[in-house]
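Okay, structure first, notes after.
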Amino acid sequence: MGKVWSIAYNTFREAIRNRILYILLIFAIILILSSLVLGELTIGQHDRVIKDIGLATINIFSIIIAIFVGITLIYSEVDKKTIYTVISKPIKRWQYILGKYLGLLGTIYVIITLMALVFFVLIALTPRVSFSGYLLLPIFYNYLELSIITAMAVMFSSFTTPLLSGVYTLILFISGRLCNDLGREIIRLRARLEQGIIPEEEVLGEQIKIFIMDIVYRIIPNLENFNVRSQVVHAENLPEVISVAFNPFLIPYAGFYSALLLVIGIFIFNNKNLK
Amino acid sequence: MTVRLKQNSILLILLVIIFIATLFLQDRIAIRHYAREAPESLLYLPPAEIAPTMAMGYEMLWADLNWIRLLQYFGGLYLTTRDYPQIERLFEVIFALDPYFEDAYLFSSLAVGEEAEKPEKALEFLEKGMEHMPDNWRLPFDAGFLAMQTMGDYDLAKEYFKIATEKPHCPAFVYRIIPHLETEAGRFETALCYYQQGLEEAIERNDEVSQAIYERNIKETINKMHLTELNEAIEKYKEEQEETPDTIEQLVEEGYITEIPEEPHGGEYYIDPYENISSTTDAKQYLQQYLQALRREIQQYYRQHEEYPATLDDLGPELAKEPFFGEWEYDPETGEVHSSSHPDL
């Protein structure tokens, strides 16, 4: 694991030197602070607007950073041929991918923590806005969600160009965010089928459609599961937050899904001819 | 001067000129923008059914932004045309994005129900909120208030207020609205039953404030009940006898009522100058409020002119008239005013 950590540490050092990162971070902080102005434009919803905008900004910008930095991570090293200096050493390719992933994830976690700190300081300093510890839950889920999105970006970066990698990651991310809608549609179609309102000649076609949709629903990562911002902002006490928003299965889910994506990435990278 | 310095100076001047031009254009654009009708800017609103899907996990953020947009839209039109063609659509999108947005539901009652004069639609929104927040008392309370105030449907209002009273943390005043509605609907006996029950409960829990309120409510309801009965009798008298009785006792003598009821506040019932039956307590209370308003106007006149008005006519014809056909006894030196019909006030 020592080699993995070395690559991770170097990836982290390299990533935090990236100027785009700082520009995005500054934009995110400006947006979080702008919630103060938007809060003033509402009637009696000051508290809610600041929390909603803050949490959404942290989420949006951490995803943008993960995609922007992640998609160039491996490709740029292959392109600049700096990868040869690494793989010529006794380092296995899986160690390289895993190290890259952990390094990038560490960078993103530092960025999220910084944005969260600004957000919490803003809440603490703003009169009429109540600070509650359970706002940490959406931040924690943000960490989990980002472990999957970063794995997506690293996986795509292991075999394609940054542009295509970005497009693929974005498509997978959007699909993940629409997963619950797909689930609801499957339920609706199944109910229609059970009610017998579909003409007999169309039943088979409908069943195939549901089957395919069901497979897609199970394959794509359900990122909507990590979205508890609404429940947390609306909740009035900790037991309510735990009952409506906390799901312990999400931790292993994020771990397994990230691992799955990384294994695919490692498999492709292992079979890639770098000569 | 070096070439670079020269170039930089030109660039700086250009920058200033472009900046000023941009500011000027921005002002022009703003003038044109505000002159346009506000609804145009809302054409880009997605249909409520697909808004949550389009939000892609940021429903709360979009709900907030649309909420701010709605407030601007409502505020802008409230100051101009007071016609709100897109307001329902905006609320629909907000509720689709965040069905737990309590303040938006409450505001829909005011904006859609009262201001846009679509109380049925506002009730639909409030019902939706009640579905999502079954423990919330404010939503059925607002629905009841809307039904009572805007629609004048006391039975519907009562239903909503009853729902509100069944919710946790519902304040005591909501319970007292139900008998008030019964009174308004002319069902005095039912109202008295509610008040009596409330009074007994207040005595049981030693709640002196509520006890006093219930006692006052009971007296007011009895007074209203008496006045309704007496006025029905005098109307019948006028219709059959083709004249107005000189005294209230004539109604007893002619058999229109069995006896003159006791005025619960300790006053008396009498035939007022408008040929209706009134209570001396009510009249006194009314005159007292009238006098307070008149005295405020006199003081305001004094602050503006540094002297009291020479006559009460200076304050306008409405205030100059004593409402009970008496005379105002007014002193322009001190600004003091009294009524000849009730000199003690």
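The sequence lines fix the lettering, A, B, ..., with proteins before strands; numbering per chain opens at 1.
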(request) Take atom CZ of B:F145 as the centre, draw a 6.0 Å sphere, and report whether it contains more than 12 heavy atoms from other residues, nucleotides or ligands. (result) no
(message) Can you see whether B:Y84 engages B:E117 through a side-chain donor-acceptor pair at a distance of less than 3.5 angstrom?
(response) no
(message) For a quick test of reading the model, state the closest non-hydrogen atom pair linking A:G70 to A:L104 and the distance between them.
(response) CA-CD2, 3.4 Å
(message) Would you say CZ of B:R205 has more than 12 non-hydrogen atoms from neighbouring residues, nucleotides or ligands within 6.0 angstrom?
(response) yes
(request) Please say whether more than 12 non-hydrogen atoms of neighbouring residues, nucleotides or ligands are located less than 6.0 Å from CD1 in A:I64. (result) yes
(request) Walk me through it: do B:Y160 and B:F141 pass the test ring-ring contact (aromatic ring centres under 6.0 Å, His included)? (result) CA-CA 6 Å; B:Y160 282 120; B:F141 172 76; over 10 Å; no
Between chain B and chain A, identify all donor-acceptor pairs below 3.5 angstrom, including backbone and side-chain atoms.
unit_1: B:T53; atom_1: OG1; unit_2: A:D181; atom_2: OD1; d: 3.2
unit_1: B:M56; atom_1: O; unit_2: A:R177; atom_2: NH1; d: 2.9
unit_1: B:G57; atom_1: O; unit_2: A:N227; atom_2: ND2; d: 2.8
unit_1: B:G57; atom_1: O; unit_2: A:R229; atom_2: NH2; d: 2.7
unit_1: B:Y58; atom_1: OH; unit_2: A:N59; atom_2: OD1; d: 2.5
unit_1: B:Y58; atom_1: OH; unit_2: A:R177; atom_2: NH1; d: 3.3
unit_1: B:D64; atom_1: OD1; unit_2: A:R48; atom_2: NE; d: 2.7
unit_1: B:D64; atom_1: OD1; unit_2: A:R48; atom_2: NH2; d: 3.0
unit_1: B:D98; atom_1: OD1; unit_2: A:H234; atom_2: NE2; d: 3.0
unit_1: B:D98; atom_1: OD2; unit_2: A:R48; atom_2: NH1; d: 2.6
unit_1: B:D98; atom_1: OD2; unit_2: A:R48; atom_2: NH2; d: 2.8
unit_1: B:D98; atom_1: OD2; unit_2: A:H234; atom_2: NE2; d: 2.9
unit_1: B:D103; atom_1: OD1; unit_2: A:Q45; atom_2: NE2; d: 3.4
unit_1: B:D103; atom_1: OD2; unit_2: A:Q45; atom_2: NE2; d: 2.7

(request) Identify which part of A:L223 has an atom lying under 4.5 Å from any heavy atom of chain B, answering side chain, backbone, both or neither. (result) neither
(request) Let me know if B:L70 has heavy atoms under 4.5 Å from chain A in its side chain, its backbone, both or neither. (result) neither
(request) Heavy-atom distances under 4.5 Å only: say whether A:I60 touches chain B with side chain, backbone, both or neither. (result) both
(message) Applying salt bridge (Lys or Arg N to Asp or Glu O under 4.0 Å) as the test, list every pair that has at least one member in residues 158-171 of chain B; sequence neighbours left out.
(response) B:K158-B:E182
(message) Report which part of A:I53 has an atom under 4.5 Å of a heavy atom belonging to chain B: side chain, backbone, both, or neither.
(response) both
(message) Would you say CZ of A:F68 has more than 12 non-hydrogen atoms from neighbouring residues, nucleotides or ligands within 6.0 angstrom?
(response) no
